[in-house]
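Step one of this worksheet: look at the structure below.
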Amino acid sequence: MSDSFLFDTNFQRLETALRAREQMQSVHAANIANADVPNYKADTRSFQSIYQSLSRQTSDEGGLARTNPRHMQGSFNSMPGMDEPAPSSASERMDGNTVDVQKEAEGMAENQMMHEFTLKLMSGEIQDIQGVLKGAK
């Protein structure tokens, strides 16, 4: 029995989503931390762009690549929470800073909820794996 049997593509997608959520939280935190820095331009990367970048890295490492034509082709929008809109561009203040602290705080709160949701999904995957292992005894 190989690891790929136990840790399928869905599990890997959830892992990538968690890593992307963690990076997204860092983006919001950095923007808030620099809210008073003159001429600071807010990092406007979206969760989707971070997720896609991490997915490509994982594919390059062999994680999400399709290895058989009969395998289902995963899509970016096939995971819950992957369809959130990209943040709109912030308006520049008189000091040249583009951080909107209220929007960043809202983004952090939403990202935290989606992180917790993804953790629950991953917990379900782990319980499924445990069930398979218990049944294999």
Please answer: with hydrophobic residues joined when any side-chain heavy atoms are less than 4.5 Å apart, are [X] and [Y] in the same cluster?
X: Y51; Y: M113; answer: no
X: L14; Y: I126; answer: yes
X: M114; Y: M122; answer: yes

To the nearest 0.5 Å, what is the distance between [atom1] ([X]) and [atom2] ([Y])?
X: F47; Y: Q25; atom1: CZ; atom2: CD; value: 11.5 Å
X: E106; Y: N111; atom1: CD; atom2: CG; value: 13.5 Å
X: M24; Y: S46; atom1: CE; atom2: OG; value: 7.0 Å
X: D36; Y: D95; atom1: CG; atom2: CG; value: 8.0 Å
X: E22; Y: T118; atom1: CD; atom2: OG1; value: 10.5 Å
X: S26; Y: M108; atom1: OG; atom2: CE; value: 8.0 Å

Exercise. Between L18 and L119, is a side-chain contact (heavy atoms from CB on, under 4.5 Å) present by the stated rule, with each step listed?
Worked result: CA-CA 7 Å; L18 283 174; L119 279 174; 3.7 Å; yes

Distance-only, no hydrogens or angles: does the [X] side chain make a donor-acceptor pair with backbone N or O of [Y] under 3.5 Å?
X: K120; Y: H115; answer: no
X: S53; Y: S49; answer: no
X: T16; Y: Q12; answer: yes
X: D100; Y: K103; answer: yes

Exercise. Any chance the side chains of N97 and E92 put a donor and an acceptor closer than 3.5 Å?
Worked result: no

Problem set entry | Side-chain donor-acceptor contact under 3.5 Å, Y40 with N31 | yes

Problem set entry | Verdict with reasoning, H28 to D43, per side-chain contact (heavy atoms from CB on, under 4.5 Å) | CA-CA 8 Å; H28 290 301; D43 184 343; over 6 Å; no

Minimum heavy-atom distance [X]-[Y], with the two atoms named:
X: A35; Y: V101; answer: CB-CG2, 3.5 Å
X: R19; Y: Q57; answer: NH2-OE1, 4.2 Å
X: A105; Y: I32; answer: N-CD1, 4.1 Å
X: F11; Y: E125; answer: CD1-CB, 3.8 Å
X: V99; Y: E104; answer: CG1-CG, 4.1 Å

For this session: Take I50 and V27 through the side-chain contact (heavy atoms from CB on, under 4.5 Å) test and state the conclusion after the steps.
Result: CA-CA 10 Å; I50 294 171; V27 166; 4.2 Å; yes

